[in-house]
Amino acid sequence: MAGRVLITRPIPEPAPTLIAGVADRVVASSEDRPLSVEELRDRVGGFDAVLCMLHDPVDASVLVAAGGCKVFANMAVGFNNIDVAEATRLGILVTNTPGVLTEATADLAWALILAVSRRVADGDREMRAGRFPGWGPNYMLGGDVTGRTLGLVGPGRIATAVAERAVGFKMPLVYSGRRESPALDALGARRVELDALLAGSDFVSLHVPLTAETTHLIDARALGLMKPTAYLINTARGPVVDEAALVRVLKSGGIAGAGLDVYEREPAMADGLADCENAVLLPHLGSATFQTRSNMSRIAAENVIAVLEGRRPPNLVNPDAWRGALPG
Ligand code: DGY
């Protein structure tokens, strides 16, 4: 059973070639921008598989418009852009690309930790503006990294990879989460309640998926628990942080700074965030390496191809849909 496949945005190889080798027809959007929900609704009809991106709002209306589609294969680890409950109800499989961006995202979390505490972006701005007055004893001081406490919110794979790097910086490690993490425990990390982590850490790095429970997990109250010398790092999902509250705290000096790769309403930022000199702001680059994006492309293609061939896809996030979705 081959079929027709929609790819919602131009993506790196190898997915286009791999899928073309199996599918009867591949339609790849040539527009290098996110499609709106209306555009998705208009375009998804008549396909057996849709390879979509983390910014595609695959809500109930899109899933219904997709008619007999068998799988939405997200080229992302997160799948908060897809109404998985509705997909399951309709018997549509949803897949993701787990594990593939762990190291790249941990590297970027570390880029933010170092950039915000050691004022790397700030310093770059000084140089380019010709404002460097020469070395000064009080000029552009930042915060230490080595030996400071790193708090990891969420005990998953990326948190563990961030912690592995922190060992080299001799950082005491704490983490919060519903379950113990043997991997973090093995690195000497201590599991604590979130409030204790916020109050005791010099760097708070977020590594939770976006769910109803984690939306605004870091709100004004949580930010208020952090030390004025502490830094917040977010490479997870923007809505985990109440961005307006973060702007207020950054402006009032409630915390020392923030390193952000993700935003509440991407690609927009909260009013005032761009004016916060104590924030390092990146445009969602966590997985943005040639190697990682190519691996994401390959894994998404493997999921699509499995479904086209009548096999269970390797990275199914809604196993309950499997029962009804395909014969056999
Ligand atoms: C993901 O895959 O969830 C990442 O945010 C992409 O960078």
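Atoms within a ligand are numbered from 1 in the order they appear, just like the ligands themselves. Throughout, numbering of the chain's residues begins at 1 and tracks the sequence.
Each of L54, A76, V77, G78, L101, R237, H284, S287, M296 has a non-hydrogen atom positioned under 4.0 Å from some atom of ligand 1.
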Requested in this report: May I have the step-by-step check of side chain to side chain contact (heavy atoms under 4.5 Å, CB included) for W110 and V162, ending in yes or no?
Outcome: CA-CA 7 Å; W110 265 95; V162 171; 3.6 Å; yes

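With hydrogens and angles ignored, the 3.5 Å screen pairs no side-chain donor or acceptor of S117 with any backbone N or O of D144.
Under the ring-ring contact (aromatic ring centres under 6.0 Å, His included) criterion, F79 pairs with no residue at all, not counting sequence neighbours. Not a single ring-ring contact (aromatic ring centres under 6.0 Å, His included) links F47 to another residue, sequence neighbours left out.
Atom CG of D271 has 12 or fewer heavy atoms from other residues, nucleotides or ligands within 6.0 Å.
Legend: ring-ring contact (aromatic ring centres under 6.0 Å, His included) pairs involving residues 213-268, not counting sequence neighbours, sorted by first then second residue: F203-Y231.
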